[in-house]
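First the structure, in the form of structure tokens, and then the observations on it.
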Protein chains: 2
Amino acid sequence: MADLAQLAGVSKITVSRALGDSPLVNPETRERIHALAREHDYKLNISARNLRLRRSHTVAVIVEMKPSTDRTMFDPYPLLLLGGISQELTAAGYSVLLTTRQGASAAAVQAADGLILLGQGVHQDAVRRFDKLRLPMVVWGAHTGNDAHVVVGSDNRLGGAVVARHFIALGRRRPVFIGNPSHPEIFERLNGFVDALAVRGIKPLLMRRDEFTLDSGMDAVHSLHARKVGFDAIFACNDLLAMGAIRATLDLGRSVPADVTVVGYDDMPLGASFLPPLSSVRQDWQEGGILLARKVLALIEGEPASSESLPVSLIVRST
Amino acid sequence: MADLAQLAGVSKITVSRALGDSPLVNPETRERIHALAREHDYKLNISARNLRLRRSHTVAVIVEMKPSTDRTMFDPYPLLLLGGISQELTAAGYSVLLTTRQGASAAAVQAADGLILLGQGVHQDAVRRFDKLRLPMVVWGAHTGNDAHVVVGSDNRLGGAVVARHFIALGRRRPVFIGNPSHPEIFERLNGFVDALAVRGIKPLLMRRDEFTLDSGMDAVHSLHARKVGFDAIFACNDLLAMGAIRATLDLGRSVPADVTVVGYDDMPLGASFLPPLSSVRQDWQEGGILLARKVLALIEGEPASSESLPVSLIVRST
DNA sequence: CGGTATCAAGATACCGATAACATTTCGTTT
DNA sequence: AAACGAAATGTTATCGGTATCTTGATACCG
């Protein structure tokens, strides 16, 4: 920058102002300096600026990344979140620092201006750890009612309720819920489901399954059958589980949707091509990412931000 | 750090050395300072260090992120790459700066110590742009033989060849390739496929399909049928296409694998649960990510690094 | 016991930007 | 013509670390 200043015959600070489009410099001077900067391919030193401004214009995104058949960052959907986040932060001139929980101890994270936490397991365990960094922080997940921090998530209670109402409208009396309610988000879905069914005096059966795979869904239905439990509706908290459940149901000689109604969750593209095309609850991940980004940015600017739920919608196809 | 120095009764530089575990300080002193740092929850200022050292310990990962049914960053597999990259860089004390091509003009990227480019479209178009940053750079994708930069990718030629040999071993004579060869990676698969078949004087039919969806795969087979083209083997360059092709084949009353052999690509988990269980070519994405990371790190350290292909393996199931 | 090697720690300068305060320049007012 | 004020630019200090060069203290040597 000093060199540029010499070339332009002005002082460093004038160059700094010119490049920052400050109104303090003469428009002519500014143009001249801009031209010079382009010509000499001058690049601002971000580290120096960060040091001086005490801001990094960076938001750290911390994801869960354990390798398992459980839901992980490798599901495509949480990645849509990242897409939304990235889009919004980039537009605001911020960068995304991607980290795993393990890597988050790496110094760079504390240099961030804000934090976004993704991944369901995070909630109780890790949030406190990151709380100590005293950075603006936003968490993706389920609302617990009395959150100490800003939570953005899709409205899982509503998701459960919508499916319940769908079942009620179809006159179903013996619904089953398949999934792992120890995930806070899924616990909420179950709650919404149970409460909305209770209005009609219906009590669903909970089939706990920890793996979110097609095989696990098949297994759930087979074990229902083995235990001679009757059912006429299945709410699977993931599309793969739902597809497995459907396949097993068909295997058992029962019809979908005539005998059994099945609804999945996430509305993955594949579901629409499944035979029969899968009904599912859709959440708008990308919008969620955008919202997460906006909230951190607000917090960083010192503005208030509150937790928020995103609507979900039931896509009824042929199951 | 000055405060810590005062507390410890030493000078700043000694604190700096102690925290950096430099052998220049007395072990006792070092311990004392470390203890003090922990006690007061002292955090090094990364920006200051970056400025002084002229390094950011950051690698920018630039991904393709256009929303389409084409292959995008939202496929789960390219994301496994990210996982591998992140794992390896974190272990080496580096951070991952995630950017889209659009956002890559954001200043932060040029502050990175190195660059990793993901996304097939990148090749010809954007590489040059990033070349100008004069940063150590590694690209994921297909090898073109005379690459100006380091390329890591799985061995797509081999992938194609392996499938071809499989078909030959089964006595297939009229194979079809489904996919979009304008992606360099897929072009290589096609090349490997064609060349290995040519050994037996077999010429495959190319069914060009731009979308990598199940419907697109069905459509491909239906249009083969409509055009009364005979075929006894299908190599789809993606598992969704393969599943669609299988479904359409079955719809047409032909048997898989008795009448038609089908092989997909990527070996997605769902494929194993498909009916019939899908045969597919598996590439080790995570390993690829690790390799990408190692190569940039090497380049950053000033060591040489060369392009490299990762092996792939054919998983034969029931198609 | 003087001279040198070794270890520990300090002094100073510097990385490259920007904020705060100071100064010059010029047009305008009275 | 002196005084004033706004616009444009400059001076200085500073953000928080680390490299380099020195200095001081202790140990070891013949």
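All chains are named by letter (A, B, ...) in the order of the sequence lines, taking the proteins before the strands, and each is independently numbered beginning at 1. Atoms considered below: every heavy atom in the structure, side chains included; atoms not considered: hydrogens, waters and symmetry mates.
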Practice task
Name the nucleic acid region contacted by B:Ile46, choosing base, sugar-phosphate or nothing; use a 4.0 angstrom heavy-atom cut-off, strictly under.
Solution key: nothing

Exercise for the section: Using atom CG of A:Asn45 as one end and atom C1' of C:dG16 as the other, report the distance to the nearest whole Å. Expected result: 5 Å

Exercise for the section: Please evaluate the base of D:dG10 for a donor-acceptor partner in the side chain of A:Lys12 within a cut-off of under 3.5 Å? Expected result: no

Problem - Among C:dG10, D:dA8, D:dG10, the nucleotide that comes nearest once only the side chain of B:Thr14 is considered - result: C:dG10

Completion exercise
Side-chain contact check for B:Ile13: nearest option of D:dG16, C:dG10, D:dG10 is C:dG10

Problem - Phosphate-side-chain proximity, A:Tyr42 and C:dG16, N/O vs OP1/OP2 below 4.0 Å - result: no

Handout entry: Sugar-phosphate, base or nothing in reach of A:Leu53, heavy atoms under 4.0 Å
Key = sugar-phosphate

Exercise for the section: Kindly check if the number of other-residue, nucleotide or ligand heavy atoms within 6.0 Å of CD (A:Glu31) is above 12? Expected result: yes

Practice task
Report which part of the nucleic acid B:Thr29 touches: base, sugar-phosphate, or nothing (heavy-atom distance under 4.0 Å, all strands).
Solution key: sugar-phosphate

Exercise for the section: For B:Met1 and C:dA9, give me the distance from atom CE to atom P, rounded to whole Å. Expected result: 15 Å

Exercise for the section: Check the distance between D:dT14's C1' and A:Asn50's CG and give it to me in whole angstrom. Expected result: 16 Å

Exercise for the section: Would you kindly give the CZ-to-P distance between A:Arg55 and D:dG16, to the nearest whole Å? Expected result: 16 Å

Practice task
Both distances under 3.5 Å, Watson-Crick or G-U wobble: report the partner of D:dA27, or none.
Solution key: C:dT4

Exercise for the section: May I have the distance from A:Leu24 (atom CG) to C:dA20 (atom C1'), rounded to whole angstrom? Expected result: 12 Å

Exercise for the section: Ignoring hydrogens and angles, tell me if any N or O in the side chain of B:Ser22 forms a donor-acceptor pair with the backbone of B:Leu24 under 3.5 Å. Expected result: yes

Handout entry: Check: A:Asp266 side chain, A:Met268 main-chain N or O, donor-acceptor pair, under 3.5 Å
Key = no

Practice task
Using modelled atom types only, decide if a donor and an acceptor are shared between the side chain of A:His143 and the backbone of A:Glu308 within a distance under 3.5 Å.
Solution key: yes

Exercise for the section: Specify the separation, in whole Å, of atom CD of B:Gln6 and atom P of C:dG10. Expected result: 12 Å

Practice task
Starting at atom CG of A:Leu51, determine the distance to atom P of C:dA19, rounded to an integer number of angstrom.
Solution key: 13 Å

Problem - Spacing between B:Leu19 atom CG and D:dT18 atom P, to the nearest angstrom - result: 8 Å

Exercise for the section: Taking the six-membered ring for Trp and the full ring for Phe, Tyr or His, determine whether the centres of B:Phe212 and B:His183 are under 6.0 Å apart. Expected result: yes

Fill in the blank from the handout: Ranking B:Arg17 and B:Arg52 by the position along DNA chain D of their nearest nucleotide, the one closer to 5' is B:Arg52

